[in-house]
Amino acid sequence: MYALVDMDAFYVSVELQRRPELRGRPVVVAGSGPRAVVTTASYEARRFGVFSATPAERARRLCPDAVFIPPDFDHYRARSREVMAVLRAHVDRVEVVGLDEAYLDLSGLERHRAAARRVKAAVREATGLTCSVGVGPSKLVAKVASDLEKPDGFTELTAGEARRRFAGSSPAVVPGIGPKTVARLEDLGVATLGALAAVSDTRLCEWFGPRLGPYLGRLARFEDTRGFETARVAKSESRETTFDHDLHGLPQLEAALRRLVGELCTTLGRQERRGRTIGIKVRFSDFATVTRARTLDEAVNDIGTVSAVALDLLRRLGPRRPVRLLGVRVAGLAEGRRAAPAARDDQLSLSV
DNA sequence: TCTGGGGTCCTAGGACCC
DNA sequence: TCTGGGGTCCTAGGACCC
């Protein structure tokens, strides 16, 4: 039995603790530049149609009275650690999914439902923050259950209940079925999860291939055999920026790339992490995105090497159009570290 | 409505080796 | 002279998640 703990409007809730006078008002955490997007919106702001990833400019138009707060990720990370510490104090096995989300493995516990309730109360007690909790026989069911009664919700579902409950819903309610897949399904005449669950594997294979097809069918039936991973080792780390105004020409781009490399290597150096693959990412004004990468014989993290490779990749790419985003990435980080071959937990595959 | 930043995994094709 | 199959590593792009 598993639970998913999802903090309610996490960044906004954390900000409201620092500025309680804003409670009850529409509050939006968003950057300030012309291309910023909303990171989190309070439930009051959501009523105006402002959600995560809404362009900040548009959010201002939709909700002129909203209070806009610039994100403070260092603070959110610190508060997140508090939350996760509470979870770990109650449950042995915790899988952290993001700053505001974690799965709990309730297997060892008798009366798992009561246990999950206690954890929810403890989070509020210790941090003053509310969360929504879903409980179910798999991570997938726990996750969709947690979405059912936000905010401050608590929902337990069996797989069968989930199937009946969501049979008429868009396949998009299932994490793993994104906008592209939803659109393809619609074109194929499959508009609901119930309909998807009823499509034969043969047909799904024809439509989506031998792996993705059956996988979608399993998702629609809420069959999920994913394992549980309590410790993750990052495999790559990157820095990227979208410019307030598009950049033109190599000199400008090189300067920006050097800055990004500097930031990235500083972080990697501090943590003594190295990677063999160095990559860049370039997004043009029309949003077309290209990546280039090169793998070296040895893992590196020094500014000299990483800049040399990144700049060479950039020059060879020789972007001739206006560039809106530039990024740099070091991958293959986990390799040298003998990260215990953690119970390999096949994402898409699983247990056939 | 012109679309952030930081990640993960999958796929397809080519190189290379046995 | 041509044919071959399997395995691994790498690159690039795409879909998705928080």
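Since we're looking at a predicted model, the values are computed, not measured. For the numbers below, each heavy atom of this structure counts, side chains included, while hydrogens, waters and symmetry mates do not.
- Within the 4.0 Å cut-off from OP1 or OP2 of C:dG13, at least one side-chain nitrogen or oxygen of A:T291 is found.
- Ring-centre distance between A:Y103 and A:Y2: not below the 6.0 Å cut-off.
- Out of C:dC17, B:dT11, C:dA12, the shortest distance to the side chain of A:R211 is found at B:dT11.
- Under 3.5 Å, the side chains of A:D6 and A:S132 contain no donor-acceptor pair of N or O atoms.
- Between A:R324 and B:dC2 there is no side-chain N or O to OP1 or OP2 distance below 4.0 Å.
- Within the structure, every side-chain polar atom (N or O) of A:R276 is placed at least 4.0 Å from both OP1 and OP2 of C:dC9.
- Distance from the side chain of A:V97 is smallest for C:dC18 among the nucleotides C:dC10, C:dC18, B:dT8.
- Side-chain contact check for A:T242 and A:R324: no donor-acceptor pair (N or O, by modelled atom type) lies under 3.5 Å.
- For the pair A:R321 and A:F284, the cation sits on the ring face: its NZ or CZ lies under 6.0 Å from the ring centre, inside 45° of the axis.
- Applying the 4.0 Å criterion to OP1 and OP2 of C:dC18, one finds that A:S52 has every side-chain N and O outside that range.
- Note on A:R292: a side-chain N or O is less than 4.0 Å away from OP1 or OP2 of C:dA12.
- The side chain of A:E101 has C:dC18 as its nearest neighbour among C:dT11, C:dC18, B:dG5.
- Looking at heavy-atom distances under 4.0 Å, A:A36 makes no contact with the nucleic acid at all.
- Across all strands shown, A:V29 has no heavy atoms under 4.0 Å from either base or sugar-phosphate atoms.
- Separating the P atom of C:dC18 from that of B:dT3 is a span of 23 Å, rounded to the nearest Å.
- Stacking of A:F287 onto the six-membered ring of B:dT3 is present: less than 5.5 angstrom between centres, less than 30° between planes.
- Distances were taken from every side-chain heavy atom of A:T181 (C-beta onward) to each of B:dT8, C:dA12, C:dC16; the shortest belongs to C:dC16.
- In the set C:dC16, C:dG13, B:dT8, C:dG13 carries the atom at the smallest distance from any side-chain atom of A:V290.
- Pairing partner, B:dC18: C:dG5, with both Watson-Crick or wobble hydrogen-bond distances short of 3.5 Å.
- Rounded to an integer number of Å, the gap from A:I280 CD1 to B:dG6 P is 16 Å.
- You'll find the ring centres of A:F208 and A:Y215 outside the 6.0 Å limit.
- Classification of A:E161 and A:R164 as a salt-bridged pair fails, no side-chain N sitting under 4.0 Å from a carboxylate O.
- Residues A:R58 and A:S238 each lie close to DNA chain B; by heavy-atom proximity, the contact nearer the 5' end of the strand is made by A:R58.
- Of the candidates B:dT3, B:dG5, C:dC16, the closest approach to any side-chain atom of A:T241 belongs to B:dG5.
- Using a 4.0 Å cut-off, no side-chain N or O of A:T289 falls inside it from OP1 or OP2 of C:dG13.
- At a threshold of 4.0 angstrom between heavy atoms, the contacts of A:P210 with the nucleic acid are absent.
- Residue A:R239 has its side chain nearest to B:dG6 when only B:dG6, B:dT3, B:dG4 are considered.
- For B:dC9, the OP1/OP2 oxygens have a side-chain nitrogen or oxygen of A:K235 closer than 4.0 Å.
- Using a 4.0 Å cut-off between charged side-chain N and carboxylate O, A:R232 and A:E95 make a salt bridge.
- For A:T242 and B:dT3, the shortest distance from a side-chain N or O to OP1 or OP2 is not below 4.0 Å.
- Side-chain proximity of A:R61 to C:dC17, B:dC2, B:dT3: nearest is B:dC2.
- Residue A:L99 is classed as having no contact, given no heavy-atom separation below 4.0 Å to the nucleic acid.
- An OP1 or OP2 oxygen of B:dG7 is reached within less than 4.0 angstrom by no side-chain nitrogen or oxygen of A:K281.
- Across all strands shown, A:G178 has heavy atoms under 4.0 Å from sugar-phosphate atoms exclusively, and none from any base.
- With the nearest nucleotide of DNA chain B identified for both A:S285 and A:E237, A:S285 has the one nearer the 5' end.
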